[in-house]
Amino acid sequence: MTEPLSPQYEPKSVEAPLYRWWLANGWFGPRGTGEPYVIIMPPPNVTAQLHMGHGLNLSIQDVMIRFERMRGRDAVWVPGTDHAGIATQNVVEKLLAKEGKTRFDVGREAFEQRVRSYVAETGTTILEQIRSLGASCDWTRTYYTFSDELSRAVREAFVSLFDKGLIYRGKYIINWCPRCLTALSNEEAEKEETDGRIWRIRYPLADGSGDIVVATTRPETMLGDTAVAVHPDDPRYHESIGKQIRLPLVGRLIPIVADAAVDADFGTGAVKLTPAHDPLDFEIAKRHGLEAIDIMTPDARIAETAPERFHGLDRFVARKAVVAELEAAGLMVGVDNHRHAVGHCYRCDTVVEPRYSDQWFVRMAPLAAPALQAYRDGDLHFVPERRGLEYAQWLEGIRDWCISRQIWWGHRIPVWYCQSPGCAAMTASRTDLDRCPTCGGTATQDEDVLDTWFSSQLVPFSSLGWPDSTADLARYYPGHALVTAPEILFFWVSRMIMAGLESRATLPFTTIYLHGTVRDTQHRKMSKSLGNGIDPLDVVDRYGADALRFTVIGGLAVGTDVILDPADLDTSFASGRNFANKLWNVGRFLLSSLDGPVRPLAGADPNVVTRAELSLADRWIIARCEATVREATEAFEKLRLNDAANAVYRFLWNDLADWYLEAIKPRLYGDVPGGDVARAVAVQTFDVALRLLHPVMPFITETLWKRLPGRADDATIVIAPWPRPDHRAVDPGAVDEFGALQEIVGAIRSIRAEYNVQPGQAIRASLARCGAHVTAAIHQQRSVIERLAKLSALTVTEDEPAGADTAAGAVLTDGTSLTVPLGDLVDLVKECARLGQEIGRLTAAIGNQETKLANEQFVSRAPADVVEKERAKLASWRDQAAVLEGKRGQLGCPP
RNA sequence: GGGCGAAUAGCUCAGUUGGUUCAGAGCGCCUGCCUUACACGCAGGAUGUCGGGGGUUCGAAUCCCUCUUCGCCCACCA
């Protein structure tokens, strides 16, 4: 750890060994003391590869957990993976497809085995990738939603809900994915606005007395029609109610029924009813005792319940065939374009088919009520706040949750059916059953598995040992924050809240941070299929994890998306990469200037640096450091992570590096006295800044911090104490006075640039009309100003210096007059114009200000302090303008 | 169809309670510099009807109304 530092930061050589060192020392684990602070990681799919969404999500969580850890909390970040039922099954099915097989060819048990071994191989990949970002998880608690332990929790939750009557089985219209061959929950059927068509079809009355025209967006479903419905009060159809229709193409006789659910104003006001394939139709049919004819096979082909010529046709092929036949029969009245929302499978994007089938459901209303109440009571803190409204609205309109899936990869539903004809008992059980507990007959388990989200909703407590009463559970439940993308607010976050309230009678967390999405420059979501993704591992490899983290955190306004350019990583991650390098060089410079022990700044040590020894620059950087501590701490607390990161950035770059280090170089080099004090101040403020930055850039801060003087070999910034505000460091006088010096230096630099003074050429400058404090400051920091503005001499006079007829000049905001004699370099015409322009600007401002202050309304109604400030402003501007006029006079400028 | 939000520099966005952070930052752009920590750098610059219109107010990027344009969530008008 003591080899010389390279001029350019090389994250690759630093990060991996450092992470191993952290792990070896167990600093990410729980301390067991202090108030717990717990974050449960949203489990990535067990087959996932790290993408930028993870990069963003994990960076945020790690910042939060590291911040709280340094503040002394017993910070525990619980990582895990999700078995991801449908998604994982799809992956393995694709592998099988390459061998020309389906899961049905290999059989259920062999398939499950195949998935298990696949997951065993790849399951640790994503966790390894997470480590490369520097995530300070408690790896001893890594969970997996399909482990034996969590499977036991799933059974417990299921049976408990079943026993309370909150889980039931029944035949309803559910969302069916014909590709995945399973039922989906409402949330898993993503509605997408789609341009479609709506056809108007003539249905003839059986008695030949006329016809009725129905409208439909899915003509193929007519093969399963069992009625036509109209509104009972619709005068157009009053006479038709109760009559029979001869269903075209099929020949079946179906009734016309009246139901208030029909909207008379939509379409033709008459709805064809296909109870087996539409939820509204199903509802109406139930009320009228109508039959439901399922005309589709699981893979959405026309089934044998429809006329034979359609058998086996894909639903969209059948649609064309039905339309063609209806047209040929002269029954097609017309077709219109129609934009409507169509459900798509969230895993494979196939159009979802509403399907009548036997499924398991969770009764949600009783679970939703307390979850909604918690929000209304203000017990849930959403970031950004408006997301809470979405949460509440979803709960208000909650519908029962279909939890059974007709796939093979997942927690088998723990329900056994008695095979004895006389018994047929249905038993939910925590343990496997062979025999029916009622009659002792053979019992067989339900074939379906549970929705993946049924298991992941339990992780805030199942990952801590529930249903056993473990010490972990007692200490680390409930947790505190939950950080995730808004897409899974309903899938996961809401359900965790309901599950926590149901199983543990406590909210699983109280802060819900919902971050934006990572997008490309065209604001498209990054995706494999678009090829616009950024591989975080690639970014880490090029620029380091710290650069990635700073870039996303620093650019992350609360609740907004992060825009990155996949085609230009250099530019996308420039801010993080550049800052890391800057920081590296600040550290390199500082460390190289330290020889021997550095005196402490505070404490009882007789060697301590006293306040009297501090120069203005010292007091200023200490005050700025103090302000940064306050600003960053408050921003982290409010989860304004970008504000915190940028506050430290500004301090380190714009204050410490740009001004302070430049100011103390002569002292450090020994050219002027006070080097030991400067070293002490620089080391202390740098130490503080490193700690403030550590949550965002853990690797580089640790690397530099460890090299600061006086560190033991096993010292780590990971658990270093968070800097505390120190009122003794607050020093508005130093901030003002050093600010005046900065303005002076800036003004001289501007003039140098304006007149192309060679960077190496020292020039003279003089100041007049300074205030007492500033005069003192100038005298104390004369060498600093001379150095920073590259001056050969700086004089301070009461009045304007004589012989300034070949000088450039400027006035500072406090009225200080700056004169820079440049001899031949000064272009008099240009200088006159420059001063004139400045005067013009001031004159305009003075005019406005005079009008404002002449306004009786303003003077009488605005608060006195505001009026006073405005008066002072006016006076100051007049003063400045007068100084500039004087300069024009000296130069002999034309009026 | 219901609900919510956004529009500020070329790009991505800050701007928290209406008045000294009030017009800002980063990236990009222009000029000059390889000044013994850093060219992934230093110094100096340019750029805006704060989406349009109306209103409230002594005072509006900030509050209200309206229009326009984008975005998000929800939704069984077939």
Side-chain angles (χ1 to χ4, degrees), chain A residues 5 7-9 173 186 191 198 214-218 221 229 261-274 278-284 338 340-341 354 384 386-387 389-391 393-394 396-397 486-487 489-490 517 521 523 543 547 551 554-557 559-565 570-593 638 640 642-643 646 649-650 657-658 661-662 665 669 746 749-754 756-760 788 790 813 852 855-863 865-867 869-870 872-873:
Chain A
L5 305 178
Q8 205 165 80
Y9 178 51
I173 296 279
N186 294 321
K191 292 295 176 73
I198 185 162
V214 298
T216 181
T217 54
R218 294 185 296 156
T221 62
V262 177
D263 181 354
D265 296 331
F266 185 84
T268 61
V271 189
K272 53 183 272 317
L273 295 186
T274 320
D278 184 277
L280 178 67
D281 294 5
F282 177 75
E283 286 302 316
I284 297 174
H338 182 62
H340 60 151
R386 67 189 143 84
R387 294 285 180 185
L389 211 58
E390 287 173 16
Y391 167 83
Q393 285 171 350
W394 183 75
E396 282 162 5
E487 292 100 85
L489 177 58
F490 308 139
T517 308
T521 47
H523 296 195
Y543 316 117
T551 299
L556 183 73
T560 62
D561 291 338
V562 173
I563 312 293
L564 296 167
D565 186 356
D570 266 355
T571 301
S572 292
F573 294 94
S575 65
R577 181 199 58 177
N578 295 355
F579 185 42
N581 195 51
K582 183 72 183 182
L583 190 55
W584 182 251
N585 276 289
V586 167
R588 209 157 67 92
F589 170 70
L590 209 55
L591 292 168
S592 73
S593 72
K638 289 183 174 168
R640 299 177 65 107
N642 57 328
D643 285 351
N646 290 320
Y649 175 101
R650 284 190 299 271
D658 287 351
L661 293 184
E662 292 305 325
K665 272 179 179 172
Y669 296 154
R749 282 173 174 171
S750 272
I751 287 171
R752 293 182 65 110
E754 191 74 31
N756 297 318
V757 178
Q758 289 307 106
L788 297 181
K790 197 100 188 168
T813 47
K852 193 179 204 174
N855 184 341
E856 178 54 33
Q857 299 281 11
F858 170 69
V859 177
S860 59
R861 297 203 192 191
D865 61 321
V866 171
V867 175
K869 273 178 194 165
E870 296 297 325
K873 225 192 276 183

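Each chain gets a letter, A, B and so on, in the order its sequence line appears, and its residues count up from 1.
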Span that lies between the [atom1] atom of [M] and that of [N], in whole angstrom:
| N | M | atom1 | value |
| --- | --- | --- | --- |
| B:C22 | B:A60 | C1' | 11 Å |
| B:G53 | B:U69 | C1' | 15 Å |
| B:G51 | B:U8 | C1' | 10 Å |
| B:G52 | B:C40 | P | 40 Å |
| B:C65 | B:G26 | C1' | 36 Å |
| B:G48 | B:G55 | P | 27 Å |
| B:C29 | B:C67 | P | 42 Å |
| B:U56 | B:G10 | C1' | 35 Å |

- [ ] Using the test salt bridge (Lys or Arg N to Asp or Glu O under 4.0 Å), find all partners of A:Arg588 that sit at least two apart in sequence or belong to another chain.
- [x] none

Are the side chains of [Y] and [X] in contact, using a 4.5 Å heavy-atom criterion?
| X | Y | result |
| --- | --- | --- |
| A:Leu661 | A:Leu590 | yes |
| A:Phe490 | A:Asn186 | no |
| A:Pro354 | A:Asp278 | no |
| A:Phe266 | A:Ile198 | yes |
| A:Arg387 | A:Pro486 | yes |
| A:Gln8 | A:Asn581 | yes |

Task: For RNA chain B, the dot-bracket pattern of Watson-Crick and G-U pairs whose distances stay under 3.5 Å, | for other-strand partners - done: (((((((..((((.....[....)))).(((((.......))))).....(((((..]....))))))))))))....

Have a look at [X] and say if it touches a base, only the backbone sugar-phosphate, or nothing, with a 4.0 Å heavy-atom cut-off.
| X | result |
| --- | --- |
| A:Tyr391 | nothing |
| A:Phe490 | sugar-phosphate |
| A:Glu396 | nothing |
| A:Val214 | nothing |
| A:Arg387 | sugar-phosphate |

Report the residues that fulfil side chain to side chain contact (heavy atoms under 4.5 Å, CB included) with [X], sequence neighbours left out, ordered by chain and then residue number.
| X | result |
| --- | --- |
| A:Lys191 | A:Ala341 |
| A:Ala261 | A:Asp259, A:Leu280, A:Ile284, A:Arg287 |
| A:Glu870 | A:Gln849, A:Lys852, A:Leu853, A:Phe858, A:Val866, A:Lys873 |
| A:Lys665 | A:Phe589, A:Glu662, A:Tyr669, A:Arg787 |

Task: Nearest listed nucleotide, side chain of A:Val586, among B:A75, B:A78, B:A37 - done: B:A37

TODO: Please tell me which of the listed nucleotides, B:A78, B:A37, B:C27, lies nearest to the side chain of A:Val271?
DONE: B:A78

TODO: Mark up nucleotides 7-16 of chain B, 5' to 3', with B wherever a protein heavy atom is under 4.0 angstrom from a base atom, S wherever such an atom reaches only the sugar-phosphate, and - elsewhere.
DONE: -----SSSS-

Task: Basic-acidic side-chain contact under 4.0 Å: A:Asp643, A:Lys638 - done: no

- [ ] Would you mind checking if A:Lys272 and A:Asp281 are paired as a salt bridge, meaning a charged N to carboxylate O distance below 4.0 Å?
- [x] no

Open item on the list: Between A:Asn642 and A:Gly555 (side chain of the first, backbone of the second, donor and acceptor by atom type, cut-off under 3.5 Å), is there such a pair?
Closed with: no

Dump the pairs, protein N or O against N or O of nucleotides 61-65 of chain B, anything under 3.5 Å, distances to one decimal.
none

Set out, line by line, the N/O atom pairs under 3.5 Å between protein and nucleotides 3-5 of chain B.
residue: B:G3; atom: O2'; partner: A:Gln393; partner atom: NE2; Å: 2.7

Please write out the pairs of protein N or O atoms and N or O atoms of nucleotides 39-46 of chain B separated by less than 3.5 Å, giving the distance to one decimal.
residue: B:C40; atom: O4'; partner: A:Arg577; partner atom: NH2; Å: 3.3
residue: B:C40; atom: O4'; partner: A:Asn578; partner atom: OD1; Å: 3.1
residue: B:C40; atom: O2'; partner: A:Asn581; partner atom: ND2; Å: 2.9
residue: B:C40; atom: O2; partner: A:Arg577; partner atom: O; Å: 3.2
residue: B:C40; atom: N4; partner: A:Gln8; partner atom: OE1; Å: 2.2
residue: B:C40; atom: N4; partner: A:Gln8; partner atom: NE2; Å: 3.3
residue: B:G41; atom: OP1; partner: A:Asn578; partner atom: ND2; Å: 3.4
residue: B:G41; atom: O3'; partner: A:Lys582; partner atom: NZ; Å: 3.2
residue: B:C42; atom: OP1; partner: A:Lys582; partner atom: NZ; Å: 2.7
residue: B:C42; atom: OP1; partner: A:Trp653; partner atom: NE1; Å: 2.6
residue: B:G44; atom: O3'; partner: A:Ser750; partner atom: OG; Å: 2.9
residue: B:G45; atom: OP1; partner: A:Ser750; partner atom: OG; Å: 2.8

TODO: Give a yes/no on whether any side-chain N or O of A:Lys665 is located under 4.0 angstrom from OP1 or OP2 of B:U36.
DONE: no

Write out a two-atom table: protein N or O, nucleotide N or O from nucleotides 18-26 of chain B, distance below 3.5 Å.
none

Open item on the list: Among residues at least two apart in sequence or on other chains, which ones pass ring pair (Phe, Tyr, Trp, His ring centres under 6.0 Å) with A:Phe573?
Closed with: none

